[in-house]
Structures are given as C-alpha cells and as structure tokens.
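So the structure is just underneath, and the comments pick up after that.
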Amino acid sequence: MIFNITENLQLALPSHLIAIEYGLIMLSFIILGITIVAAYQRLTYSRRFFVIVLLNMLSFCAIIGLISDIKIKTQTEMSAVLLTYGTSQQQIESIPKDNNTQIFLLSSLPNWQASLDLSTLTKPLLIDNVGEILLYQPQITQLSVYGDGLATPEWQILNSLINSTAHENLSKQQFNVNFYPSSIRTGPVKLNWPKQLVLGQPFYISGTLRAQKQDEERIFKISLSNAYDEVVDEFLIKHNERFNLSASLKSQGLFTYQLKVFDDDQTLLMSEPVSFSVTSAEKIKVVIKQSAASFESKHLKNWLAEQGEEVLVFTQVSKNKHIQQVVNATTDVEVISKPNKGDKSTVNIIDKAFTSILLKDTDLLYMDGRAVLSLTQEESTQVEMAVKNGLGLIIIVDDELLLSSNEALSHSLLKRVFSQESWPLSTKVNQGLTTIPRWLHSQEEHTLSYTNAILPKVNGEVLVEGNVEGNDSQTLAIAHNYGLGTATFSLINSSYQWLTSDNKSHYSRYWQHIIENTARSAQESGWQKSPIEQIYFQGNTQPMCAQLNGDDISDLQVENINLLPSVVLDSAYCGVYLSDYLGWHNFTLKNEKTDLNQVNMSTSLQNNIRSNSQSVFVYSQRNWLTWQQLLKHEASHLAHKNSSKIADKFSYLPIDKLAFWWLLFISSSLLWYERKIF
C-alpha cells in the first residue's frame with residue numbers, strides 16, 4: 001500500500017494484503033489512544049502531560065517510519081552502463097567518468113571481455129543476466145548500452161521487472177535507454193531455411209550478406225557444403241544482396257551442412273552450421289480422373305508410384321463407363337468403387353467413378369479440363385463438398401474448358417472460379433507458347449509449353465507460395481483456398497517433357513511443390529514445424545507447439561514441456577523448453593494411456609495411435625554472430641526509440657532512516673526515564 005503524503009513525499013507499507021495493512025494502522029492508533037488516556041488519568045492536564053503525549057506521538061511516528069518505505073521525489077538520475085559482447089576498446093575509453101554511475105558487464109559469451117583493458121572503469125560488476133541490474137540499481141532511470149546490445153527477449157525481461165515495481169496508482173515506471181552500437185561484422189543475416197523436410201523436398205537456404213563499411217564493394221563467395229565437406233551450391237555476392245542456395249537430398253536422417261563465406265582472395269572468413277532433419281513423407285492417396293489417356297497423367301502416375309503413393313486412375317471410355325487402374329492399393333478398392341463382382345483384376349471397367357466415400361478417403365484429386373466438363377451435377381456437388389472438407393484439387397486447364405459455356409459449369413465451386421468476370425480469356429486460345437516455369441526456391445531454367453490463358457484471382461484469395469510463374473511473370477499455376485481445401489488450376493499440361501529431357505530432379509521438385517501446396521493437410525495430432533526464420537541458442541528458451549485434436553488433448557504428453565492452450569490458434573498447444581546443451585534435441589508426443597509394445601495390438605489400432613517426433617538443433621552462442629548482432633542492434637535501437645518517448649523525468653528515492661532510529665531511541669528513553677523517576 002502506497003500513500004502520497006505530499007506531492008514530493010511517498011510512504012509505502014510492506015504488506016501486500018490491504019486488510020492487514022489497515023488493521024495494523026488501526027491497531028497502532030488504538031494503542032496510541034490508550035496510552036494517552038492512561039497518561040491523562042495519571043497526570044490530568046499539565047505541562048508534563050503534554051510532554052508525555054508529544055513523546056508518544058514521536059515514538060509512534062518513528063516506528064511507522066522504520067517499518068514503512070518512505071521515498072522522496074527527485075530529479076536526480078540513477079544511471080548505469082551495460083557493456084555487452086562487441087564492445088570495443090574505443091567505446092570503453094569514451095565512457096564518461098562518473099563515480100555515481102554503476103558499470104555492468106554482461107557475460108553472454110565466455111570471457112569476451114578478457115581482451116579488453118578495463119582498468120579505466122570504476123569497479124565494473126560482472127552479471128549473468130540483465131535482471132541483475134535491478135538488484136544493484138532498483139530505481140534506475142538511465143541505462144547506456146554499449147556493444148551488440150540486447151535481444152528482444154532480454155529487453156522484455158528487463159521491462160517486465162521494471163514495471164513490476166510500479167504501483168497501479170502511479171504512472172508506469174520506465175527508464176531512458178541510450179544505445180551505442182558495435183561496428184558491423186561481415187557475414188550472412190536474415191537467414192531462413194526449413195528445419196524439417198520430407199524426403200523428396202529440396203533443401204534451400206536464403207539470406208542477405210552484410211559487410212563492414214570498408215568491404216562494401218568487395219565480391220564475396222558463399223558456399224553450401226554437405227556433411228562430407230563437398231560443395232553442393234555456391235553464390236557470388238556483394239554487400240546487402242540476397243542469396244539462395246539449395247541441395248538435393250536422397251536419404252533420411254539428421255544433417256548438419258556448413259555455410260561458408262570467402263572474400264575475393266578466397267580466404268575463408270567464417271563457417272556456420274546449418275542443421276535440418278529429413279523424414280519420410282506421410283503417404284497420400286491420389287485419384288486421377290481423365291477424359292482420355294495422356295502422357296502427362298501417365299508420367300505423374302508412375303512418379304507417384306515410385307514414391308510409394310496409392311494411386312487410382314479413372315479413364316473415361318464412354319459417357320458412363322470408366323477404366324479403373326489401381327497402383328499401390330492399401331484399401332479395399334472394390335468396396336469403394338463398386339466394380340463388377342466378376343472382375344477382380346487391377347484394371348476394371350466400372351459404371352461410376354466417384355462416390356462420397358472415395359472422395360472422403362482421397363487426399364488429392366487430379367482432373368483434366370474435359371473430365372471436369374463431364375462431371376454430373378451429383379458428382380460436381382460431391383467434389384465441391386469434398387474440397388470444402390479438405391480435399392486437394394488439381395485441374396489442368398485445356399482448350400475445352402476455356403471455351404465452355406457458363407451453363408456447363410453451373411455448380412458453385414467451378415462457377416465461382418470459371419466465371420467470365422474472373423477468368424479473362426486470351427484472344428489466342430489455341431496458340432501454345434513456351435516459357436520457363438518458376439516457383440518458390442526453383443533455380444533451374446527449363447523451357448516448357450503452356451496453354452495461353454489468364455488464370456483467375458478470385459476475391460484476391462491467392463496462396464502466393466503455391467503459384468508458378470513464367471519468365472514474363474505470367475501466372476502458370478495458381479492455388480485458391482476453398483473451405484478447408486485448396487483448388488489449384490494449372491496451364492502446364494506437358495511437364496513430362498522434363499522427364500524425357502533427363503531432368504527428373506526438376507520434374508520431382510515441381511510436382512512436390514504443387515502437391516505440398518494442394519493436397520489435404522494432415523488432421524492427426526502432431527508437432528508444428530519450427531519457423532524457417534528462427535534458430536535456438538544454448539541457454540535460451542524456445543517455444544514448441546503441437547496440434548492436438550479431440551481426445552488427444554488429455555492423452556498425448558511430452559517430456560520436459562508443459563503444453564498449454566495457445567491464445568492464438570485453436571487446437572494448438574504450446575510450451576517452452578530451455579535448451580541446456582548443444583546439438584540435437586528430440587521431442588516425442590506419446591500416448592500415456594496406451595502401451596505401444598503390446599504384442600496383441602492390431603495394426604489398425606497401432607496406426608491410429610500416432611507417436612509424433614520432432615528433432616530440433618540447438619546452436620552455440622558463438623554461432624551466427626553477425627545475424628545475432630543485427631537482431632540485437634534492431635531490438636536495442638527500438639528500445640532507445642520507445643524509451644525516449646515515454647520515460648518519466650523524475651523518480652522516487654528512499655530516504656535515510658538513521659534519523660528515525662535516533663528519534664525512536666531518544667523518545668523511548670525519555671518515556672522510560674519519566675516512568676522510572678516520577
């Protein structure tokens with residue numbers, strides 16, 4: 001409890017319970033009143049009585065002053081200097097000499113200050129975290145930070161500790177920040193790369209090179225080396241330019257590549273670890289519905305089969321008849337598609353290609369334009385509902401689809417996309433053109449033909465990451481959100497030419513990209529991927545989030561992390577993990593109620609119980625120093641900018657209580673003498 005006695009005087013009692021504080025004050029007044037009444041009965045009104053009353057009141061005030069925290073408003077600044085990693089000798093010598101200013105050294109890296117001459121500083125204190133500043137300077141109003149500065153979490157900790165001491169009736173307690181940054185280092189910054197990949201996806205890493213001022217015109221080389229120190233990709237670059245390196249992966253496991261920076265004399269300036277994990281992809285079920293056999297669908301089917309995916313191909317042979325072909329079947333296709341009972345071969349002639357059960361069990365549906373036009377009203381409705389519920393849909397746009405009338409596309413999903421208002425047609429529909437398709441992180445240049453049309457952008461709802469563009473920025477493939485699913489429309493119907501030109505890796509990257517951005521998202525509980533723009537350092541906390549659905553919320557557990565509901569995403573549960581050692585950390589979601597080692601457990605039950613693992617690499621504080629410097633510079637400049645606007649110009653300082661001790665001693669002694677002698 002805090003009382004503002006005057007404008008410049010403040011009194012605070014130590015208890016946090018208001019009822020107890022009021023009770024103690026009332027009890028003190030009652031005791032003082034009883035003492036005065038007793039003195040009156042003994043002395044009545046006399047000079048001696050008034051002296052006794054005065055001495056009791058002085059003793060009472062002295063006790064209140066000793067047990068409370070009395071502060072006086074002052075304009076005096078309580079300043080401190082914080083030296084962080086990167087502080088130069090020149091900065092140390094420029095620090096103003098002031099015996100009233102406390103100097104702190106933050107030991108973020110072992111003995112970073114050993115190479116500096118600190119003899120000119122007055123009693124510097126070595127601290128392990130920024131919170132210790134408030135142990136020595138609880139009323140700090142001015143903080144000068146030298147070197148790289150503090151990261152955003154450290155500023156948040158310091159501000160929260162400062163604000164926790166402020167009372168709700170007072171203006172929010174703040175402090176001014178002055179930041180004196182260290183010299184810029186040469187190295188990569190603003191990096192991002194996927195921390196978890198599935199087999200078949202290309203690995204990529206991108207970023208920006210930052211160079212010292214005197215080296216801004218030099219040409220540097222950045223290379224990516226694998227675990228055997230073999231260069232897999234390299235790039236020539238200058239200051240403040242972007243780079244993008246990639247590598248093909250052919251096996252699963254935990255990998256640590258090296259990102260190296262060389263100057264124009266081929267001198268190695270730095271080598272930083274780049275860690276990521278590669279796991280097998282979740283198997284998906286693909287249905288191909290085509291109006292006629294084509295090279296595009298044939299090669300896609302064969303490529304999917306090589307990946308171990310389950311593929312069902314429906315090729316139309318008449319108005320109501322289809323040929324069914326099954327590859328890598330893991331479900332009872334006969335029950336789903338209801339073929340003729342007498343034909344049990346892998347190629348069956350069936351009357352009906354689509355059922356709601358089949359679409360519900362499908363992750364990706366591929367159709368050409370003529371197959372779309374052949375859909376009945378019932379089938380169109382089933383496709384639309386399936387996409388709304390999460391099905392991925394790929395439609396290859398051809399001339400028949402472009403020249404069709406709106407009446408042929410009356411069902412809402414396709415009408416919404418194919419309406420003439422949202423699909424401007426080219427005047428040269430039948431003219432095939434060639435271009436170089438490009439998509440996110442594609443680097444190779446291979447020419448391909450495409451259908452000449454303009455793909456629609458419905459209500460601006462476009463998944464930019466899923467788009468494919470040509471070398472003239474024409475859109476070749478575009479993805480639209482529709483309910484829980486995604487519909488992708490593509491003008492490319494001859495990607496198989498990459499295979500026939502011995503560019504299988506390029507073909508694989510293309511379809512991996514399309515399928516990743518279109519196929520049904522997994523609905524099972526599991527870990528969310530680590531952000532591509534963040535890495536974790538030893539000694540720092542890191543957030544971990546999992547998607548928990550249904551009963552898994554109470555059943556699935558993970559060691560060392562307490563998962564709590566996220567305030568941002570529904571069904572997401574997040575926790576914080578403190579990385580206390582370097583290297584790989586493995587996290588596994590386990591079902592605590594089920595013994596996975598039971599011999600009699602059926603295969604279907606084992607498949608329903610998912611034990612999801614994720615590996616995270618923890619880096620040393622000595623890694624990525626240039627990147628860390630940039631982040632700390634940005635956070636410290638922001639702290640300086642914000643504090644200069646809202647910092648208070650005054651502070652409350654505690655007064656010296658020696659006078660209260662003397663007052664209590666003298667008044668108590670006189671009262672004792674009065675009762676003893678008289």
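Quick note: numbers below take in every heavy atom, side chains included, and nothing from hydrogens, waters or symmetry partners. We number each residue from 1, following the sequence as shown.
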Assess whether side-chain contact (heavy atoms from CB on, under 4.5 Å) is satisfied between S501 and H506, documenting all intermediate values.
CA-CA 10 Å; S501 301; H506 193 68; over 6 Å; no

Under the 3.5 angstrom rule, does the side chain of T84 hit a backbone N or O of G149 as a donor-acceptor pair?
yes

Pair W498-Y510, ring-ring contact (aromatic ring centres under 6.0 Å, His included): steps then yes or no:
CA-CA 10 Å; W498 286 327; Y510 169 76; 5.3 Å; yes

Are side-chain N/O atoms of S79 and T101 paired as donor and acceptor at under 3.5 Å?
yes

Ring centroids only, cut at 6.0 angstrom: are Y536 and Y619 within range, meaning strictly under it?
no

For S183, what residues pass the side-chain hydrogen bond (donor to acceptor under 3.5 Å, both in side chains) criterion, not counting sequence neighbours?
none

Looking only at side-chain N and O atoms, does N192 offer a donor or acceptor that is under 3.5 Å from a partner on S206?
yes

Parallel, tilted or perpendicular, as decided by the 30° and 60° cut-offs, for the rings of H637 and H633
perpendicular

Distance-only donor-acceptor pairs under 3.5 Å for side chains of residues 254-263, two or more places apart:
from	atom 1	to	atom 2	distance (Å)
T256	OG1	S275	OG	3.0
Q258	OE1	S271	OG	2.8
K260	NZ	D229	OD1	2.6
D263	OD1	D265	N	2.9
D263	OD1	Q266	N	3.2
D263	OD1	T267	N	2.8

Donor-acceptor check, side chain of Q252 to backbone of S280, threshold 3.5 angstrom: yes or no?
yes

Give me the one residue out of R210, Q628, M270, Q629 that meets side-chain contact (heavy atoms from CB on, under 4.5 Å) with R185.
Q629

Write out all pairs satisfying salt bridge (Lys or Arg N to Asp or Glu O under 4.0 Å) with one or both partners inside residues 624-639, taking only residues at least two apart or from two chains.
none

Among residues at least two apart in sequence or on other chains, which ones pass side-chain hydrogen bond (donor to acceptor under 3.5 Å, both in side chains) with T87?
none

How far apart are the closest heavy atoms of I284 and I515, and which atoms are they?
CD1-CG2, 3.8 Å

Under the rule for salt bridge (Lys or Arg N to Asp or Glu O under 4.0 Å), what residues qualify as partners of K195, not counting sequence neighbours?
none

Going by distance alone, is a donor N or O of one side chain under 3.5 Å from an acceptor N or O of the other, for T447 and T434?
no

Residues T518 and T486: side-chain donor-acceptor under 3.5 angstrom
no

Going by atom types alone, do W112 and S107 pair a side-chain donor with an acceptor below 3.5 Å?
no

With rounding to the nearest 0.5 angstrom, report the CG to CD distance, L118 to Q89.
7.5 Å

Can D117 and S119 be counted as having a side-chain donor-acceptor contact under 3.5 angstrom?
yes

Under 3.5 Å side-chain donor-acceptor pair for N503 and S505:
no

Answer whether the closest heavy-atom distance between the side chains of L106 and V130 falls below 4.5 Å.
yes

Taking the side chain from N159 and the backbone from W155, do they hold a donor-acceptor pair closer than 3.5 Å?
yes

Between H585 and V616 (side chain of the first, backbone of the second, donor and acceptor by atom type, cut-off under 3.5 Å), is there such a pair?
no

Show the nearest heavy-atom pair for residues I103 and T122, with the distance to one decimal.
CD1-N, 4.3 Å

Counting heavy atoms not belonging to K213, are there more than 12 under 6.0 Å from its NZ?
no

Fit a plane to each ring of Y146 and Y180, take the angle between them on a 0 to 90° scale, and name the class: parallel (under 30°), tilted (30 to 60°) or perpendicular (over 60°).
parallel

Between Q196 and T279, is there a side-chain donor-acceptor contact under 3.5 Å, judged purely by atom types and distance?
no

Regarding Q214 and Q212, is there a side-chain donor-to-acceptor distance under 3.5 Å anywhere?
yes

Stepwise ring-ring contact (aromatic ring centres under 6.0 Å, His included) test for F220 and H239:
CA-CA 8 Å; F220 298 86; H239 168 69; 9.1 Å; no

Give a yes or no answer on whether the side chain of E516 reaches the backbone of H513 with a donor-acceptor pair at less than 3.5 Å.
no

What are the two closest heavy atoms between L105 and P124, and how far apart are they?
CD1-CB, 3.2 Å

Look at the side chain of S620 and the backbone N and O of R622, then say whether any donor-acceptor pair between them is shorter than 3.5 Å.
yes

On a heavy-atom basis, the closest approach of K250 and L199 is C-CD1, 3.8 Å

Any idea how Y496 and H299 line up, ring-wise: parallel (<30°), tilted (30 to 60°), or perpendicular (>60°)?
parallel

Measuring only between side-chain heavy atoms, which start at C-beta, is F104 closer than 4.5 Å to E132?
no

Between CG on residue L116 and CG on residue L83, distance to nearest 0.5 Å
8.5 Å

Let me confirm one number: the CG-CD distance from L631 to Q534, rounded to the nearest 0.5 Å.
9.5 Å

To the nearest 0.5 Å, how far apart are OG in S182 and OH in Y85?
9.0 Å

Which heavy atom of L143 sits nearest a heavy atom of L158, and at what distance?
CD2-CD2, 3.8 Å

Residues forming a side-chain contact (heavy atoms from CB on, under 4.5 Å) with A305, sequence neighbours excluded
V327, N328

Measuring only between side-chain heavy atoms, which start at C-beta, is I436 closer than 4.5 Å to L448?
no

Nearest heavy-atom approach of P273 to W624 is O-CZ2, 3.0 Å

Salt bridge (Lys or Arg N to Asp or Glu O under 4.0 Å) between E306 and K504: does it pass, once the steps are laid out?
CA-CA 12 Å; E306 290 178 4; K504 185 175 182 179; 2.8 Å; yes

Evaluate the side-chain proximity of T186 to T626: yes if any heavy-atom separation is below 4.5 Å, no if none is.
no

Main chain of L150, side chain of S636: is a donor-acceptor contact present, judged purely on distance under 3.5 Å?
yes

Just wondering, more than 12 heavy atoms not from I219 lying within 6.0 Å of its CD1?
no

Begin with the C-alpha distance, continue with both residues' side-chain angles, and end with the deciding distance and a verdict on side-chain contact (heavy atoms from CB on, under 4.5 Å) for F537 and S579.
CA-CA 7 Å; F537 293 97; S579 52; over 6 Å; no

So if I apply the ring pair (Phe, Tyr, Trp, His ring centres under 6.0 Å) rule between F276 and each of F203, F617, W584, which one comes out positive?
F203

Can you tell me if S294 uses its side chain to pair, donor with acceptor, with the backbone of S297 under 3.5 Å?
yes

Treating T475 as the side-chain partner and A477 as the backbone partner, does any N or O pair qualify as donor plus acceptor under 3.5 Å?
no

Does Y507 reach the side chain of L300, with side-chain heavy atoms less than 4.5 Å apart?
yes

Examine distances only and state if a side-chain atom of N517 and a backbone atom of I514 form a donor-acceptor pair shorter than 3.5 Å.
no

Answer yes or no: is there an ion pair linking E216 with K238, defined by an N-O contact shorter than 4.0 Å?
no

Considering only heavy atoms from C-beta outward, does the side chain of S495 approach that of E296 to under 4.5 Å?
yes

